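Read through the structure below, which is laid out as structure tokens, and then see the notes.
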Amino acid sequence: MSSAAIAPLPSEHPVEPRVNYLNATYGVKSWLLTRDHKRIALLYLASITFFFFLGGLFALLIRLELLTPAGDLVQSQTYNKLFTMHGVIMVFFFLIPSIPAVLGNFLIPMMIGAKDLAFPRLNLLSWYIYMVGATFTLWAVVHGGVDTGWTFYTPYSTASSNTHVVATAVGIFITGFSSILTGLNFIVTIHTMRAPGLTWFRLPLFVWSHYATSLIFVLATPVIAVTLLMVAVERLFHFGIFDPRLGGDPILFQHLFWFYSHPAVYIMVLPAMGVVSELVTTFSRKNIFGYKFVAFASIGIAVLGFLVWGHHMFVSGQSVYAGMIFSLLSFLVAIPSAVKVFNWTATMYKGSISYRTPMLYAFGFIGLFTIGGLTGLFLATLGVDVHVHDTYFIVAHFHYIMVGGAIMGYLGGIHYWWPKISGKLYPEAWARFAALVVFLGFNLTFFPQFILGYLGMPRRYHAYPPEFQVLNVMSTAGASILGVGYLMPMVYLVWSMRYGKAAPANPWGSTGLEWDTPSPPPTENFPVTPVVTDEPYHYSPGEVEVVG
Amino acid sequence: MAQHVVPPKVYFAVFTALIVLTATTTAISFLNLGPWNTVVALGIAFVKATLVALFFMHVKYSPRLTQIVVAGGLFWLAILIAFTLSDFMTRGWLPISR
Amino acid sequence: MAEARGPAAGAAPAAHAGPRELQHHFDTMEQQRDASSLGMWVFLVTEILFFGGLFLAYTVYRSQYARAFAEASRHLDISLGTFNTAVLIVSSLTMALAVFSASTGRRRAVLVFLLATMALGGVFLGVKAVEYGHKFHDHLVPGLHFRFPGPYARQAEIFYSLYFAMTGLHAAHMVIGIGLLTALVLQARKGRYGPDYYTPVEVSGLYWHFVDIVWIFLFPLLYLIGRHLH
């Protein structure tokens, strides 16, 4: 049975009660003790959504403070806590799990024709580990937070800060193992559980990008784990590994921290790129241009991403010689990312484009990620970085990638696979409107920050010279609009679960094994293991009815 | 994964080698070989680790994928150490303008 | 690269014919075995990087404070360290023999070798406890009235911070390993492991050998660097 290309019209689909993974068993225990990767994905969806809005709350407070030049809303130490908690929550408890733990968990077994991941119990364990780590961090938040910055630089974090560093570090340490287990699960699953006929080069690019991401999960996360463990141990037991008074070197901490945290940004963006590959092909009704280039570019980004971490440390006291090497390598890592952007564009060329909501998010990703990526090249340039390091230029750069890129990819994916996940169609008009609001809000928030940074406004300060106020007010206005844009999907997606139209198996007329199952799928995904004979994205030109 | 059964005599041979190497490394540590002390000690450790990996952990009899995974992990650790040391060891090399 | 496996289209679905150890989402025992083995190896790679962070810290400081580290290392008990190294090597032998016994159906031997491995692990931890006691007594625990004679006191405190961090982390892994072995022993008592199913013994063996390998590096780096100085 190979992938279908034509979706039946809705009238041919009688709406009859059918057993699927959502209703197969009932009760809280059946969810909390599930081994079904699809249910685990939804458990993660609930958790990360909560943390997204909590992190957003801190962002709101930051932007409120920055409406006026004076530090008049909160004290400086409080402000330090606000940006720290915003960063910690958004990076570790939202962005890093987001696409892999929700969409990856849900889709990877289905995309390869398997009944589940290789280790379903480890999958559930990874969610519980996430929740335990999250609890430690929430405890810290409630009891006054942390003020070290999400970067935990020593010796401030180990010797001086009087906030809940240990609890937060322990929380992130624990949650790191959730990532490690997810990555391990994906790697083993993709190697050993592909359906007959599904060779590596027939895999959807979503799977390739998650494989690359999983390599980073397993190779990088343990390093931050042991590093935060060292910070905690140093604070608790007064060990002296980073203590300058004993001859310890704070830059050693930075090496260890960024060895993970730079690849971490690729953990955040690679899955979104995988989503975009699926969206661009479906909504251009065309095969991807240069499949192997895109697949290998994912691996290339993952590998090269490990060799550039020193570009976060150009002004730290790191050797200038090492800085030059890191700078050169940072230029190189832009190449595979650019390859992907070119290939997506070439895919759309002479395609039959439809402007559904997921495609709008894909467009947003491609444009905003390009801006973010290009500004990254400015930062990789040693001379420029000396001037803009620790300014709002950096803040704008990484938000273009993380928000303009990764979150747009996430939302595009959520909308695209929503019919499969929920069995319902979301309201397209509202969704398009929300996507537009998000796009406009995002740019109003973060573009002024490029200018602010270039003009010299430093980051992590709650007060600034009055001449920067206009741009800051624009940024805060944008943030409010962006917030509204994010709330809208919360409302209409939840609405659709109850009142949305029933979704057919393949509302987008897309290729891919996941669309061969009903919406929502049965617990075992495929009653019979499929055999794959087609290349991926084998769209035939001509009219296909796209529902929704 | 090949269900290769390794005969116990291989294990005992490896065991003997490991014990001998341990005694050797301890004994040599009392001799002053200058910078070579470190090289010899680490070299012996690598040989011991390789014996354990190849024979006790069956890497010698494992599929290529397993061997790639092992090599990859070690290579990545080498990246961490080499690049970090490239900072510490070149700190004085290029003058920073005052 | 291994090709994907599974029944051809149209083969009988649902009800899983197969031994009771075959989990429902796998198609064959071989697939399950391959997955378990690859899973443990990927996990061990994460452990390489996990310990690796500490090895990096050690490498950086050793290269900067070679003399201080050598002086500090002399206060470790080389006899106990060597003894412990030998203990772990024997335990790796017994673990390998446990796997061999399982693969050849010697069910009683499996139990004996697993228990021997556990016992040796216990000996290792006991010796470490004795060593830690000595360090506590000699004021060589960082942060706890650390006292080190001579001009290298401050860097020696870094050495001992690393000593406790690295051997402590290693000991924690030993404890987990003994826990794994306990679980195996409980199953082995029921004769669960034989030539057609002994994957848990095999992958636990991989973990145990890895922990041994970590010690193989810790021993010379911590105990043997200052012996030739007088």
Side-chain angles (χ1 to χ4, degrees), chain A residues 1 35 109 112-120 122 180-181 183-185 187-189 191-200 217-227 229-230 233-234 237-243 245-249 252 255-256 259 524 526-532, chain C residues 1-14 23-27 30-43 45-54 56-57 60-61 64-65 68 141-144 146 152-162 164-165 168-169:
Chain A
M1 170 170 89
R35 295 181 196 181
I112 65 173
K115 296 192 181 69
D116 207 314
L117 292 175
F119 307 116
L122 281 189
I180 288 173
L181 288 179
L184 188 156
N185 227 335
I187 290 174
V188 176
T189 303
H191 271 282
T192 62
M193 294 176 74
R194 282 166 288 127
L198 189 51
T199 58
W200 281 85
F217 270 139
V218 306
L219 290 167
T221 317
V223 177
I224 186 119
V226 78
T227 306
L229 193 63
M230 286 195 256
V233 156
E234 188 148 329
F237 305 122
H238 305 289
F239 280 18
I241 300 178
F242 302 117
D243 190 345
R245 292 170 296 187
L246 300 176
D249 194 337
L252 175 64
H255 278 293
L256 286 165
F259 181 84
E524 72 273 15
F526 300 96
V528 175
T529 303
V531 175
V532 175
Chain C
M1 197 76 72
E3 279 297 14
R5 49 188 73 63
Q23 293 171 39
H24 76 283
H25 53 284
F26 288 114
D27 291 320
E30 191 198 351
Q31 186 187 36
Q32 180 174 302
R33 239 186 351 253
D34 284 358
S36 301
S37 175
L38 180 61
M40 177 51 79
W41 276 113
V42 171
F43 176 70
V45 164
T46 73
E47 294 275 61
I48 292 176
L49 273 308
F50 191 52
F51 278 97
L54 286 169
L56 173 72
V60 165
Y61 289 132
Q64 296 195 320
Y65 307 128
V141 179
L144 271 179
F146 185 85
Y152 299 115
R154 291 183 306 144
Q155 292 93 28
E157 194 165 0
I158 295 186
F159 174 86
Y160 278 99
S161 300
L162 285 170
F164 279 103
L169 190 63

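All heavy atoms count here, side chains included; hydrogens, waters and symmetry mates do not. The structure displayed is predicted, hence computed values, not measured ones. Throughout, a chain's letter reflects where its sequence line sits, starting with A, and its residues are numbered from 1.
Only the side chain of A:F259 comes within contact range of chain C, with at least one heavy atom under 4.5 Å from a heavy atom of that chain. Residue contact with chain C, scored on non-hydrogen atoms closer than 4.5 Å, involves the side chain of A:L256 exclusively. Only the backbone of A:R245 comes within less than 4.5 Å of a heavy atom in chain C; its side chain stays farther off. At a 4.5 Å heavy-atom cutoff, the contact between A:L184 and chain C is made by backbone and side-chain atoms alike. Looking at A:A114, there are no atoms closer than 4.5 Å to chain C (heavy atoms on both sides), in backbone or side chain. With a 4.5 Å cut-off on non-hydrogen atoms, C:Y65 touches chain A through its side chain but not through its backbone. Contacts between A:I112 and chain C at a heavy-atom distance below 4.5 Å are absent for every atom of the residue. Neither the backbone nor the side chain of A:V233 has a heavy atom closer than 4.5 Å to any heavy atom of chain C.
Among C:A68, C:A165, C:A57, C:P142, the residue with the largest count of heavy-atom pairs under 4.5 Å with chain A is C:P142. Contact count against chain A (heavy-atom pairs under 4.5 Å) is highest for C:G143 among C:G143, C:G168, C:A153. Of the listed residues (A:N185, A:V223, A:I241), the one with the most heavy-atom contacts under 4.5 Å to chain C is A:I241.
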task: Check the pair C:L56, A:L252 against side chain to side chain contact (heavy atoms under 4.5 Å, CB included), reporting the backbone distance first and the verdict last.
output: CA-CA 9 Å; C:L56 173 72; A:L252 175 64; 4.1 Å; yes
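Atom NZ of A:K115 and atom CZ of C:F26 lie 11.0 Å apart (nearest 0.5 Å). Rounding to the nearest 0.5 Å gives a distance of 7.0 Å between CD of A:E234 and OG of C:S161. Distance CZ/C:F50 to CD1/A:I180: 7.5 Å, rounded to 0.5 Å. Between C:R33 atom CZ and A:T192 atom OG1 the span is 12.5 Å, to the nearest 0.5 Å. Going from atom CE of A:M193 over to atom NE2 of C:H25 covers 5.0 Å, rounded to the nearest 0.5 Å. Here the CD-CG distance, from C:Q23 to A:D116, works out to 10.0 Å after rounding to the nearest 0.5 Å.
A distance-only check finds a donor-acceptor pair linking the side chain of C:Y61 to the backbone of A:D249 [under 3.5 Å].
The side chain to side chain contact (heavy atoms under 4.5 Å, CB included) with A:L219 is formed by just one residue from the set C:I48, C:T46, C:V45; it is C:V45.
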